[in-house]
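Here's the structure we're looking at; comments come further down.
In what follows, chains carry the letters A, B, and so on, assigned in the order in which the sequence lines appear, proteins first and then strands, with residues in each chain numbered from 1.
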4 protein chains.
Amino acid sequence: MTSRPAPAGKRPPGGPVLQQDVTRALETAFFEELASVGYGKLSIEAVARRAGAGKAAVYRRWPSKQAMTVELASQAALKAVRAPDMGSLHADIAQFIRETMTALSHPLVSRIAPDLLAETARNEELADALLSGIRTPRRENAALVLHRAIERGELPADTDIELGLDFLVSPAYWRLAVIRTPVDDGYVERLTVKIIAAMKA
Amino acid sequence: MTSRPAPAGKRPPGGPVLQQDVTRALETAFFEELASVGYGKLSIEAVARRAGAGKAAVYRRWPSKQAMTVELASQAALKAVRAPDMGSLHADIAQFIRETMTALSHPLVSRIAPDLLAETARNEELADALLSGIRTPRRENAALVLHRAIERGELPADTDIELGLDFLVSPAYWRLAVIRTPVDDGYVERLTVKIIAAMKA
Amino acid sequence: MTSRPAPAGKRPPGGPVLQQDVTRALETAFFEELASVGYGKLSIEAVARRAGAGKAAVYRRWPSKQAMTVELASQAALKAVRAPDMGSLHADIAQFIRETMTALSHPLVSRIAPDLLAETARNEELADALLSGIRTPRRENAALVLHRAIERGELPADTDIELGLDFLVSPAYWRLAVIRTPVDDGYVERLTVKIIAAMKA
Amino acid sequence: MTSRPAPAGKRPPGGPVLQQDVTRALETAFFEELASVGYGKLSIEAVARRAGAGKAAVYRRWPSKQAMTVELASQAALKAVRAPDMGSLHADIAQFIRETMTALSHPLVSRIAPDLLAETARNEELADALLSGIRTPRRENAALVLHRAIERGELPADTDIELGLDFLVSPAYWRLAVIRTPVDDGYVERLTVKIIAAMKA
DNA sequence: AGATAATCGAGACGGTACGTCCCGTCTTGCT
DNA sequence: AGCAAGACGGGACGTACCGTCTCGATTATCT
């Protein structure tokens with residue numbers, strides 16, 4: 001989100017001049033607090049307290065808990081979007097899965113992501129913001145991997161991209177985030193082989 | 001949970017006699033409240049208010065929000081576990097996926113399940129209770145489908161059951177609960193074909 | 001104020017049942033807090049904190065700082081109204097002055113009274129409440145002393161009561177509360193003689 | 001206070017040069033603010049706002065609310081000290097009382113004086129400053145009236161000066177500032193007669 | 001006259017209190 | 001004894017200010 005109205009730092013003319021170090025402290029505190037109590041119980045007061053700031057410092061930057069969440073979560077999620085290009089479909093998929101698992105294993109992500117996800121079922125606006133800010137770009141990026149494989153002739157031209165994308169991430173997410181079952185060393189390798197077989201079928 | 005200490009109904013001699021209609025009203029109110037505000041913001045007071053009861057009526061039955069959640073959620077989840085046996089692997093899998101999708105589409109489930117799931121990342125005891133109460137029995141049930149297919153010769157004897165189970169549910173969960181993307185009419189059919197191809201690879 | 005709507009204790013039917021010990025703790029805390037920071041800076045939060053109570057406990061009893069002040073101050077002031085009757089004008093006046101000085105010397109009174117007095121210049125409603133609740137009854141009581149002296153023949157029938165009442169208390173108040181100048185042992189005696197001389201003139 | 005370190009105007013070489021118009025605007029704003037909200041609630045921010053100045057402009061001149069109060073109040077009080085000399089005791093006393101009443105009736109004085117007085121009970125330093133800056137000079141001035149009357153033979157040489165001074169102002173202060181009771185046209189005249197009678201007794 | 005420095009207004013900072021609402025605990029009658 | 005009702009201490013809400021401190025822009029003196 002490169003053109004958002006820049007809540008921190010100097011705004012064009014006449015705007016308030018917020019201090020960046022305070023902004024950074026609030027962002028850090030927000031994620032820590034979100035991870036430890038969840039979206040529902042997250043209080044602005046606790047975020048400010050954890051950051052060593054006053055409540056007004058928060059409200060000067062974001063009008064509400066939801067606005068703060070949408071901005072910071074989208075911002076953070078976008079950093080992680082990148083399509084691997086290792087030269088072969090097998091290597092690309094294995095790498096993609098490994099990166100997904102690494103991200104989902106991060107203590108902050110593993111606590112925050114399911115929490116925000118759950119909140120989207122209850123909060124239309126948050127859902128729109130997060131889905132269009134995270135899901136769509138990530139999905140488009142992953143599609144690149146498949147299109148490159150088609151160009152290289154590793155996949156047939158009529159490959160079911162939609163289903164392929166679902167296979168690409170869902171098992172990893174399922175094991176790590178949903179059923180919370182540990183993953184063998186060879187799991188990624190076996191998974192990659194099966195995914196390619198499924199896409200070729 | 002067949003041997004739990006029966007919080008409702010008449011206890012052995014000398015115990016308190018709680019009124020079953022109050023208990024039932026509280027259970028219903030609990031799920032409605034959980035669906036509408038989430039686990040984090042769920043309050044005993046709101047449950048009691050919705051049930052038209054006093055707060056003490058809740059605390060007489062369950063010592064805490066967590067205990068109430070563990071008991072009622074496990075209780076509800078166990079009702080839904082059943083393995084299809086349609087005669088062919090293809091039909092079994094398609095049926096299993098359809099049933100999963102139907103369950104996940106239920107308004108109460110679609111709001112409550114991700115919410116409790118998110119809470120497990122923060123709450124070890126709740127995690128243990130829900131995973132062993134829901135995940136394990138469901139997974140054992142699904143394994144039956146695959147073992148029957150092996151016996152029928154539809155799958156090789158060395159089929160990777162672990163991976164197969166992951167493929168069986170993860171794409172459906174992924175689309176419905178995570179990326180909240182609508183599902184074509186033919187999706188289940190195409191998905192079933194791919195899953196079988198993957199398991200045979 | 002015997003017919004006020006009883007903020008503490010049981011109200012007629014259906015009213016809230018407030019706990020008297022909490023009410024008493026709040027009253028004590030109110031006077032201590034008023035004495036230590038003054039009316040202007042007195043905060044409900046500090047009163048509650050000092051009483052070990054929640055803010056809601058205060059607001060359940062009084063709707064505002066001013067209402068709390070009017071009720072508690074009037075209530076307290078009325079307890080101290082009493083006209084001496086020693087048998088002679090000299091003794092009555094000396095006694096009245098001594099009682100006034102004792103009251104004004106009380107640490108709580110000496111801090112609170114001038115403070116509330118100052119506030120009346122700014123707050124019409126508080127002024128009305130305090131003046132009619134304190135000034136008028138006290139003045140009527142003091143008038144009794146003079147009327148009895150007239151009946152006894154110690155003062156002429158046309159004594160200027162109005163002026164007499166002013167002489168009765170103003171020097172004592174002036175020295176203790178205004179110019180804060182210490183008072184000799186013989187001061188009351190000399191003052192009494194002069195007051196009687198003035199009234200007879 | 002003739003030797004105070006001149007917070008406004010040019011200081012010796014090297015000192016800061018404060019703008020006198022800003023200083024004057026702050027002084028005016030201070031008294032207006034003091035009259036309208038009282039000492040306890042008076043805030044530097046409100047003074048600066050009323051003066052159309054920044055908060056720093058105040059703090060550059062006075063280190064604290066109390067220092068500002070002590071300086072400005074003492075400064076203002078000293079202007080009003082003057083002993084009448086009309087030729088007779090009766091005329092002097094009547095004039096003194098009238099001047100006192102006029103001063104106490106001034107809207108700013110009637111709000112500010114009792115307020116600062118009340119604050120002295122809580123604030124030793126303010127008490128010292130105001131009492132020695134106002135009470136003492138005023139009392140010495142009033143004593144002149146009585147000494148001149150003794151020299152003229154209107155009062156006996158052993159007149160109780162201490163008590164006389166108390167009689168001179170306390171009733172006026174009492175009626176105007178304490179019991180806030182209106183004063184007849186003839187009140188000053190009757191009061192003057194009684195005071196003289198008391199002093200001669 | 002131009003350089004330099006201090007004062008200016010404005011306002012962000014960490015705080016505190018506001019009056020309201022709601023939490024889980026506990027108490028009080030009524031059924 | 002179980003029930004609803006609700007007072008209790010506590011805590012968070014979002015707002016309004018507080019005194020402190022930091023900004024450029026302006027102004028006033030000193031080379």
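- Taking atom CD on Gln20(C) and atom C1' on dT27(E), their separation rounds to 15 Å, with Å as the unit.
- With sequence neighbours excluded, no residue satisfies side chain to side chain donor-acceptor pair (under 3.5 Å) with Lys65(A).
- Scored by the side-chain contact (heavy atoms from CB on, under 4.5 Å) test, Tyr59(A) finds Ile44(A), Lys55(A) as partners (sequence neighbours excluded).
- Atom CG in Leu18(A) sits roughly 13 Å away from atom C1' in dC23(F) (whole-Å rounding).
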Nucleotide-resolved protein contact map, nucleotides 9-17 of chain F, B/S/- at heavy-atom distance under 4.0 Å: S--BBBB-S
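- Put simply, CG on Leu26(B) is 13 Å from C1' on dG2(F), counting in whole angstrom units.
- Here the C1' atom of nucleotide dC26(E) and the CD atom of Gln19(C) are 9 Å apart, to the nearest Å.
- Residues passing the salt bridge (charged side-chain N to carboxylate O under 4.0 Å, His left out) test with Arg50(D) are Glu32(D), Glu33(D), sequence neighbours excluded.
- The separation between Asp21(C) atom CG and dT27(E) atom C1' is 12 Å, rounded to whole Å.
- For residues 121-130 of chain D, every residue pair satisfying the side chain to side chain donor-acceptor pair (under 3.5 Å) rule, not counting sequence neighbours, is listed here: Asp115(C)-Arg122(D), Gln66(D)-Asn123(D), Gln66(D)-Glu125(D).
- Put simply, CD on Glu33(B) is 15 Å from C1' on dG24(E), counting in whole angstrom units.
- With sequence neighbours left out, the side chain to side chain donor-acceptor pair (under 3.5 Å) criterion links Thr120(C) to Arg180(D).
- Shortest non-hydrogen contact noted between Val22(B) and Ala57(B) is CG1-CB, 4.2 Å.
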